[in-house]
Amino acid sequence: MKPARFVMERPRDLAAALSMIAGADGATKIMAGGQSLGPMLNLRLVEPDRVIDISGVPELRRTDRANGSLVIGACVTHADIEDGRVPDVANGMMARVAAGIAYRAVRNRGTIGGSLAHADPAADWVSALTALGAEVEIASRARNSRRIAIGEFVVGALDVALAADELVTAVCVPVLPSSARWGYVKHCRKVGEFAEAIGAVVIDPERGRGRAVIGAVEAAPVVIEDARILFGGAIGPSFAERFDASAADALLVAAGMSDPIDRHVHVTVLRRAIGQASVQGSAKVLDAA
Amino acid sequence: MTDAVGPKTPQGVGARLPRKEDERLMRGLGQYVGDIRLPGMQDVAFIRSPLAHARIRGVDIPEAVRGRVFTAADLDDVRAIRAVSGLPGFKVSEQPPLATGKVRHVGELIAMCVAPTRAEAEDIAASVTLDLEELPAVCDMRAARQPGSTLVHEHWGDNVFLETFIDTGIAAAFDAPIKVTRTISTGRQCMAPIEGRGCVAVLDHRADQLVLHTATQMPHVIRTGLAECLGLEEGRVRIVSPDVGGGFGYKGILLAEEICLGWLALRRRHAVRWLEDRREHLTANANCREHHYEITVYAERDGQLRGVDCDAIVDSGAYSAYPFTACLEAAQVASILPGPYDLPAYRCRTWSVATNKCPILPYRGVARTGVCFALELALDTVASAAGLSPETVRFRNLVRPEQMPFDNITNKHFDSGDYPQALRRALETIDADAVRARQRKGEPDGRRIGLGLAIYCEQSAHGTSVYAGWGIPMVPGREQASARLTPDGGLELRIGLHSHGQGLETTLAQVAHEILGVPVARIRVVLGDTAMTPYSTGTWGSRAMVMAGGAVAAACRELSERATRIGAHLIQARPADARFENGRVLGPSGEVSLATIARTWYRRPQDLPADVDAGGLEATSGYKPVRDSGVFSYAAHAVAVAVDPDLGEVEILDYVVVEDGGVLVNPLIVDGQIYGGLTQGVGTALYEEMLFDAAGQPQASTFADYLLPGAPEAPAARIVHMETASPYTEFGAKGVGEGGAIAPPAAIANAVNDALRPLGAELRHSPITPRRIVEAVLAARSVAAERKAAS
Ligand SMILES: Cc1cc2nc3c(=O)[nH]c(=O)nc-3n(C[C@H](O)[C@H](O)[C@H](O)COP(=O)(O)OP(=O)(O)OC[C@H]3O[C@@H](n4cnc5c(N)ncnc54)[C@H](O)[C@@H]3O)c2cc1C
C-alpha cells in the first residue's frame, strides 16, 4: 500500500495554483487535506503523475462575510469550524456538523472544499450544506469565477460538476435568519464513521418554509427544496407533529431506494432531524442519534 | 534489598505492579519488526491472487524486472506447509508458500517481488501479469458440504477436513417437555493486532544461520516449521521475535511469507523485509471465528437441562494452518460446547469445512467464543420457553462448588471454582433488579432496555495429555525457564515463550521476586529468541503465566537452594541450619545477601565451599502442573443495554465481569487483559465481520469497511475478582489471557434479545449490526400486523 511515483507541487498563491492546474499535462490531482486522496493514492486507486497541494494557498484559507453570506475558503478545515474559528452564521449548525465528522486527527486536516469536491455521498458537508442552501465558488485561470448551488455541483456519488482546469475556492453559506431552526442527525455505526443515513433540515416556521435533505443514499442526496410536502402542504409552529413519513418514503422510492429497511432508517433519521428542529429554541436540543 | 518476601509483598505474587515494559512501550521506544534497520535491507511485496479459485496458466514477468520476481518455479526446493492432525479421518492440505497449479483463496501468494523500497516492489508487482483461469468458488461452508460442490482440494472427493461425532445417549432427553431448536452463527472476523505481521530475514555468515526477525508468539515452533519447509537443520535457523504489538493468535502460526523471506535471504547478500499492510492483513490473512450451529436444547419445565444436541460447522478456509491445523476450532467445539454446565446427555457432530477463503486461524478464546454464543443464546430461549429468568436456568445447571473437581460429560476436568457464585455476584453488581425495573418502566426516548448474561469456563494451560491425542505438529511438554544471577546480584530470566502485550516481563519477574526477593527492577526477562531461550511451544491457550510462571518459580527455587549452600558456608553455618528468606541466607550466627553470594561465585571463587554445586548460579528448570489436563478459569458477564429498535443502535449502559483466574499474580495486568478482551468481544458482538461475495471476494480491505471498536465503543466495565486457587498449579494460578473475549458476544446478544423479546424479534448471528436489528424488528412488526389483520 504505497503510492505509485508522482511529482508534488505546492503553489504559493491562488494564481499559481490555477495556472499549474491549467497547464497540467498527464494526470493531475489536487490535494487539500489529503484525508480522502491519501488513502486513494496508497491503495493505488488513483495514480496521478502530479499532485498539486493547495493547502498552503492563503486565499483558500480566508473567511469573509459578504452580501448576507459567509464565504469560507475551500481549505478551511473541519476543526476550524468545529472550534469556532469561523463565524457562526447558521445558529450553531456548522460547528455541530463539523464536530461529528470522522476523528479529530482527520478533522485537523480535512477541508470543507475537499469534502465537497470529493463528493462522497455519505459525507456530512454534502448534505448539511445543501440543507443550508450553500453554494460553491469555482475558479479557473481561463474563465471568471462562478458560483453554483451544492445541489447542482454534486451530481452523483464521487461526481461533481467541475472541469479539469477548475478549483473549488470557497463555500458560500447564507446567514440563517434567527427564526430558522435546524436539525441534523447522522446515523453511523460508531464514533467517527461515515454516515449510513443523514437527515438534515432547515425550517423556518415563521415564514412557513423549509428545506430538507436525506443523505447517505449512495448517490447525490435527496433534496426537498420545499419541505412543505413533508408536512401535508404547510409548515406551521407544530410542524414536527405533522411529519408525513409516507411522503418521505415515496421520495426515496422515487429516488430509487428499493430496500425497505434502508428507507425505514432514512425516514427515521429524517423524522429525528425534524424533531430536533422542532424543539430548538424552546427546549434543549436532543443529541444526534 | 529491603523487600520483604512472601505472599502479597509489594512486588511478589498478587501485587498490582505497573508494567516494567511500559517504560519503553509507552514512550515509543519499543523495537518492533518494522523498526529494524539492517544495512542494504530490501523490501518485498507479494503478488497475491485476485481470485478465490483459479488455475494458474502463467505468470508473465517483464524482461526489465527478471531476477527480482520469484514464483513457485524458483522455490522448487521448498516444501509445502503441512499442518496435519492425527485425528482419524483428517484430510491433509498442502500449502505451497507460493501457489503452484491453482490458487484457492483471494490473497494467496503467487509471486514475490524484491526492490530497495516497498513502493518500488509494488511497482514491480504491478508490472507482472497473471494469467488465471477462474474456477467456480465455494465460499459458503454449508454449500461446501453439499454433494457436487466445487472442490477446494480435488483429490479429497469432498470439502471436509475432519468430521467428529460424539453421542453420550441423547435419546434419553427426547421426552423432555421443553425442546428449543435454534440456528446460531458467528460471522467471520479478522483479528486485528495494532501491529500486523512482518519479518526481516538475513543470513548471518558468522553464525552460519538464517536469522528471521518475525512478529511471532512462538519462535521455537516457527523455527521447526521454517527449518522443515526450507530443508535446513534447525541449528541453522534462529528466530528472533522482537517487541510484538499484539498477537491474539494471528502471530501463532507459520506464515507462507516467512518461508518465502527465509528462502530469499538464503540467496541474497542483504537482509530482506516484508511488512504486512492492512489490505493484506484484512483480505488475505487474519481470518477467524466463522461458526454455524444447529442446536437443540432439551429441558424440564423448571429449567433443568436434559440434553444438548448440536450440529456445528466451522468454515476452515482453504488450508490447514501450522501448527494448530484446520480442525482446531470444530474439534474443540465438540469437546467444550457443554460449557460450565452439568449436562446429562449430549450429542454433537462437527465438520471442519474447506472453502475458497483464507485459512481460519485461532483467535483469543478460539472456539470458546462461538460455543459460548451458541449455548448461552440457546439457554435464554429455554428460559423464555419455560417462563423462567435466564439466571434460574443457569443456576439450576451450573456445576456446583461441592462437585469440584468435576469431570464433565466430555471428560473435561474442572479443577476448582464456584460458578454459581460468579453469576450471583454478577447479578448483584449490575443490580439486575434495578435494570429490570427500568426496563419495565420504559425509556422516554423509545429505546428498549435489556439485560444479558453469559457464563463460561475456559480450559487454560492444557498440556501434553490433551495435545498428544490431537497429533498436531506441536505438543506442549514441560515449560522451561533459565534463571541466572549476575555478579552484582541482579537476575536474568530467559523463557522461550513470548509476551505481546500481556506484561510477562513484569509478571515473570514478580514470580522470581516472590522466590528470590530480588527487586523487580533488577530482574531482566529475555523472551522471544531461539538463540537465547529454552524451547517452548510459545504463548497461546492462556498458558504463559501458569507454565512459564511455574518454570520461573522452579528455576528460582533451584537457585535459592544453591545460593543457600554457598551462603551457609559464608556465614559458617551448616547448610541444614541455614534458610533462604527475603533475598538473603540466614543462619544461627548471621546472614548474607544474595548479592554477596553472587559476587562470591563469580568473582571470589576462593571463598566457595569445596562441595559447591558446579551448576553455580545459573539454573534451567522445567515445569508442568500436577495435572496437565488444564486448569479452568471462568467468568460471569452481565450487561445492560439500550436498543434503538428503529435504527438498531445498541448502547452498552453497564458491563460487569466477575472472573476467577485462580490466584492472580498481578491483578492490574489481569484487569488489562479483561478490558482488552472485552473490547474485542464487543467487536465480535456488534461490529466486526469479514463478508465475502459469491465469488469469494472479501468485502473489506480497509478499516473503513471492517469496523473495529474504538475507545468510545469500549465499555467502562466493572471487574470483580474471585480467586479460587487451582489445586494443580504453582501459586494456584490459572490462565486468564483469553477469557475477556469469550463471553461478551453472548452476553450482549442476550441483552439485545431481552430488550427486543416483547417485539418478537430475536438476533442469532454475530455481529449484531444495526441493520440486522432493524431487519428483525421490521419482520416482527409485519408478522404482528398480519396476525392482527387475520384475527
Ligand atoms: C478515517 C476517516 C473518517 C472519515 N469520516 C468522515 C465522516 O464521518 N464524514 C465526512 O464527511 N467525511 C469523513 N471523512 C473524509 C474527510 O472529511 C475528508 O477530509 C474529506 O473527504 C476530504 O477532504 P480533504 O481536504 O482531505 O481532501 P483531499 O483528500 O485532499 O481531496 C479529496 C478529493 O477532492 C479533490 N479536491 C480537494 N480540494 C479541492 C478543491 N479545493 N478543488 C477541487 N478539488 C479538490 C482532490 O483532488 C481529491 O480528489 C473521513 C476520512 C477519514 C480518513
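Below, chain A is the first sequence line, B the second, and so on; all start at residue 1.
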**Q.** Proximal to chain B - members of residues 114-126 of chain A, heavy-atom separation under 4.5 Å
**A.** none

(Q) Please check: side-chain N/O of A/K2 versus main-chain N/O of B/T117, any donor-acceptor pairing under 3.5 Å? (A) no

(Q) Would you say that B/E280 contacts A/M1 through its side chain, given a criterion of any heavy-atom pair below 4.5 Å between the two side chains? (A) no

**Q.** Validation row: A/H264, B/E775 side chains within 4.5 angstrom (heavy atoms)
**A.** no

Q. Which residues from residues 28-45 of chain A are near chain B, with near meaning under 4.5 Å between non-hydrogen atoms?
A. A/L43, A/R44

Q: For B/E443, look at atom CD and say whether over 12 heavy atoms of other residues, nucleotides or ligands are found less than 6.0 Å away.
A: yes

Q: For A/R189, enumerate each residue passing the side chain to side chain donor-acceptor pair (under 3.5 Å) test, keeping only those at least two apart in sequence or located in another chain.
A: none

Q. Given that the side chain runs from C-beta out, which part of B/A45 has a heavy atom under 4.5 Å from chain A: side chain, backbone, both or neither?
A. neither

Q.
Any carboxylate oxygen within less than 4.0 angstrom of a Lys/Arg side-chain nitrogen, looking at B/R771 and A/D262?
A. yes

(Q) Any side-chain to backbone donor/acceptor pair from B/D646 onto A/T268? Under 3.5 Å, distance only. (A) no

Q.
Just verifying a value: how many Å separate A/E193 CD and B/Y687 OH, rounded to the nearest 0.5 Å?
A. 9.5 Å

Q. Do other residues, nucleotides or ligands put more than 12 heavy atoms under 6.0 Å from B/R772 CZ?
A. yes

Q) chain A: which of B/L708, B/V777, B/L686 shares the most heavy-atom pairs with it under 4.5 Å? A) B/L708

Q.
Please check this pair: side chain of B/E713 against backbone of A/V191, looking for a donor-acceptor N/O pair closer than 3.5 Å.
A. yes

Q. Between the side chain of B/E122 and the main-chain N/O of A/A4, is any donor-acceptor distance below 3.5 Å?
A. no

Q | Heavy-atom pair of closest approach, residues A/C188 and B/E649 | A | O-OE2, 4.0 Å

**Q.** For A/P260, all residues meeting side chain to side chain contact (heavy atoms under 4.5 Å, CB included), sequence neighbours excluded
**A.** A/R263

(Q) I need the minimum non-hydrogen distance between B/A119 and A/P3, along with the two atoms involved. (A) CB-O, 4.1 Å

Q: Please report the shortest heavy-atom distance between B/L647 and A/R272, naming the atom on each side.
A: CD1-NH1, 3.3 Å

**Q.** Crowding at CD, A/E218 (>12 non-hydrogen neighbours, <6.0 Å)
**A.** no

